[in-house]
Amino acid sequence: GRIPHTGWTGNMGENDLRQIQDAISATKTAYLRNVPVHELSDGQLQKVMIARALAQNGEIILLDEPTAHLDLVNRHEIMFLLRQVARTSKKAILVVTHDLEIALESADKFLLMPCGQPIFSGIPEDLVIQGKVDSLLPTEALYFHKITGKIKAIKPPQQIKTSGSEELIPWVVAALEKLDISFPPQTVQLQVAADPFCIVANIYGVEHTFKSIEDLVGQLKEEVEKQKGTPES
């Protein structure tokens with residue numbers, strides 16, 4: 001990565017070695033120092049390539065899918081590392097990515113490039129509020145959920161009343177949204193407690209207590225099957 005700075009001799013001085021060491025430390029790749037490139041995994045190679053880009057110490061860094069092939073932890077580490085480098089080193093870092101979730105968390109500015117439409121630019125939060133992020137989802141089957149910051153499938157809303165822990169209810173609701181079943185209004189009420197975790201559910205007038213969301217989902221599926229077998233009055 002220091003080739004642009006070493007001249008025609010290719011010799012590296014103390015500053016070059018320091019820049020290399022800083023890049024290795026920043027990307028936590030010291031354990032790969034003596035590993036041949038052809039023995040690196042895809043994820044390891046990606047981090048080494050980023051270290052090489054950082055070692056060049058350019059004012060502008062262009063990265064194409066820098067988190068590709070990386071696991072969940074490394075994807076977040078790399079993006080927040082790039083954010084830190086941009087802030088502390090006063091560098092402009094342009095990242096091309098399809099990872100909307102991490103980009104929302106780490107980017108200072110978005111350039112959205114929806115197919116066949118003009119480019120939208122602005123800070124991520126403005127583009128979310130303005131509905132511009134939805135332009136990335138041309139299909140009518142998907143939408144961007146402004147509260148959770150996630151892409152979801154469009155389904156009829158679940159007629160389930162919930163109360164209790166504001167921190168845990170979204171996870172219960174997320175599991176229920178995956179179900180291809182629905183309930184008439186006022187037939188299912190859930191009380192979610194945090195410590196210890198439990199769900200007290202009133203389902204068609206019968207109270208149940210569950211220690212996991214999986215058990216709740218199983219019971220709801222059983223209730224739907226029961227209702228299907230109940231003859232109409």
Side-chain angles (χ1 to χ4, degrees), residues 1 19-115 119-129 132-139 141-153 167-168 170-171 173-175 177-178 213:
Q19 295 286 352
I20 291 171
Q21 184 56 48
D22 289 346
I24 290 174
S25 298
T27 53
K28 297 181 175 63
T29 51
Y31 71 103
L32 300 173
R33 183 187 294 270
N34 298 314
V35 180
V37 172
H38 67 271
E39 294 182 8
L40 298 176
S41 68
D42 288 341
Q44 291 172 336
L45 182 60
Q46 193 79 339
K47 295 183 76 173
V48 169
M49 293 298 100
I50 292 172
R52 184 175 69 175
L54 294 179
Q56 289 185 21
N57 197 30
E59 294 183 4
I60 301 175
I61 300 176
L62 308 180
L63 299 172
D64 185 13
E65 294 286 357
T67 59
H69 311 299
L70 298 181
D71 60 28
L72 179 64
V73 173
N74 282 322
R75 280 162 49 205
H76 282 81
E77 278 190 350
I78 287 297
M79 289 300 289
F80 286 113
L81 161 66
L82 294 175
R83 178 182 175 86
Q84 182 180 3
V85 169
R87 293 288 178 85
T88 59
S89 303
K90 305 297 182 182
K91 299 180 184 300
I93 300 181
L94 178 61
V95 173
V96 179
T97 182
H98 292 88
D99 197 329
L100 178 60
E101 181 179 350
I102 295 180
L104 282 168
E105 295 176 0
S106 57
D108 294 312
K109 188 174 182 179
F110 266 11
L111 294 171
L112 297 181
M113 302 176 66
C115 181
I119 293 176
F120 300 115
S121 66
I123 69 171
E125 292 76 13
D126 272 339
L127 296 181
V128 168
I129 292 173
K132 295 294 192 296
V133 171
D134 294 305
S135 66
L136 299 176
L137 307 170
T139 172
L142 300 173
Y143 75 103
F144 180 78
H145 195 279
K146 289 184 174 64
I147 296 176
T148 62
K150 297 182 182 296
I151 296 172
K152 293 182 176 290
E167 183 179 12
L168 301 181
W171 292 103
V173 172
E177 287 179 346
K178 294 177 183 177
I213 300 175

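Note that these values count all heavy atoms, side chains included, but never hydrogens, waters or copies made by symmetry. Computed from a prediction, not measured in an experiment: that's the story for all the values here. For this chain, numbers begin at 1 and follow the sequence in order.
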*Side chain of Glu101, backbone of Lys150: donor and acceptor closer than 3.5 Å?*
no

*Grab the two heavy atoms, one from Leu54 and one from Ala26, that are nearest each other, plus how far apart they are.*
CD1-CB, 4.4 Å

_Check this for me: Glu125, atom CD, are more than 12 non-hydrogen atoms of other residues, nucleotides or ligands nearer than 6.0 Å?_
yes

_Please give me the minimum heavy-atom distance between Lys109 and Ser121, naming the atom from each residue._
CE-CB, 4.2 Å

_Apply side-chain contact (heavy atoms from CB on, under 4.5 Å) to residues Ile60 and Leu94 and explain how you reach the verdict._
CA-CA 8 Å; Ile60 301 175; Leu94 178 61; 5.7 Å; no

*Looking at OG1 of Thr67 and CG of Leu82, how far apart are the two atoms once the value is rounded to the nearest 0.5 Å?*
9.5 Å

*How are the rings of Tyr143 and His145 set to each other: parallel, tilted or perpendicular (split at 30° and 60°)?*
tilted

*Polar side chain donor-acceptor pair, Arg33 to Gln21, under 3.5 angstrom*: yes

*Quick one: NE2 on His76 to CG on Leu70, what's the gap to the nearest 0.5 Å?*
11.5 Å

*Check for a donor-acceptor pair, side chain of Lys91 on one end and backbone N or O of Gly58 on the other, with a separation under 3.5 Å.*
yes

*Shortest non-hydrogen separation from Thr97 to Ala103 and the atoms involved*: CG2-CB, 4.1 Å

_Check this for me: does any side-chain nitrogen of one of Asp126 and Lys132 sit under 4.0 Å from a carboxylate oxygen of the other?_
no

*How long is the span from the CD1 atom in Ile50 to the CD1 atom in Ile61, to the nearest 0.5 Å?*
10.0 Å

*Do other residues, nucleotides or ligands put more than 12 heavy atoms under 6.0 Å from Glu39 CD?*
yes

_Minimum heavy-atom distance between Val128 and Lys146, given as atom pair plus value_ = O-CE, 3.1 Å

*What distance separates Leu100 CG from Leu104 CG, expressed to the nearest 0.5 Å?*
4.5 Å

*asked:* Using only atom types and a distance under 3.5 Å, with no angle test, would you say the side chain of Arg83 pairs donor to acceptor with the backbone of Ser106?
replied: yes

*What closest approach, in Å, do Leu63 and Ala53 show between heavy atoms, and which atom pair accounts for it?*
CD2-CB, 4.2 Å

*With side-chain contact (heavy atoms from CB on, under 4.5 Å) as the test, would you mind laying out the steps for Ile102 and Phe80 before giving the verdict?*
CA-CA 9 Å; Ile102 295 180; Phe80 286 113; 5.8 Å; no

*Below 4.5 Å, heavy atoms only, C-beta onward: do Arg87 and Asp108 meet side chain to side chain?*
yes

*Is there a donor-acceptor pair under 3.5 Å between the side chain of Gln44 and the backbone N or O of Thr29?*
no

*Residue pair Pro114 / Ser135: nearest heavy atoms and the distance that separates them*: CB-O, 3.4 Å

_Just so I know, are the side chains of Lys152 and Glu177 near enough to count as touching, which here means a heavy-atom distance under 4.5 Å?_
yes

*From Leu136 CG over to Ile151 CD1, what is the distance, rounded to the nearest 0.5 angstrom?*
7.5 Å

_Pairwise distance NZ(Lys28) to NZ(Lys47) - rounded to 0.5 angstrom_ = 7.0 Å

_Trace of the side-chain contact (heavy atoms from CB on, under 4.5 Å) decision for Val37 with Val48_ = CA-CA 9 Å; Val37 172; Val48 169; 5.8 Å; no

*Using modelled atom types only, decide if a donor and an acceptor are shared between the side chain of Gln46 and the backbone of Pro66 within a distance under 3.5 Å.*
yes

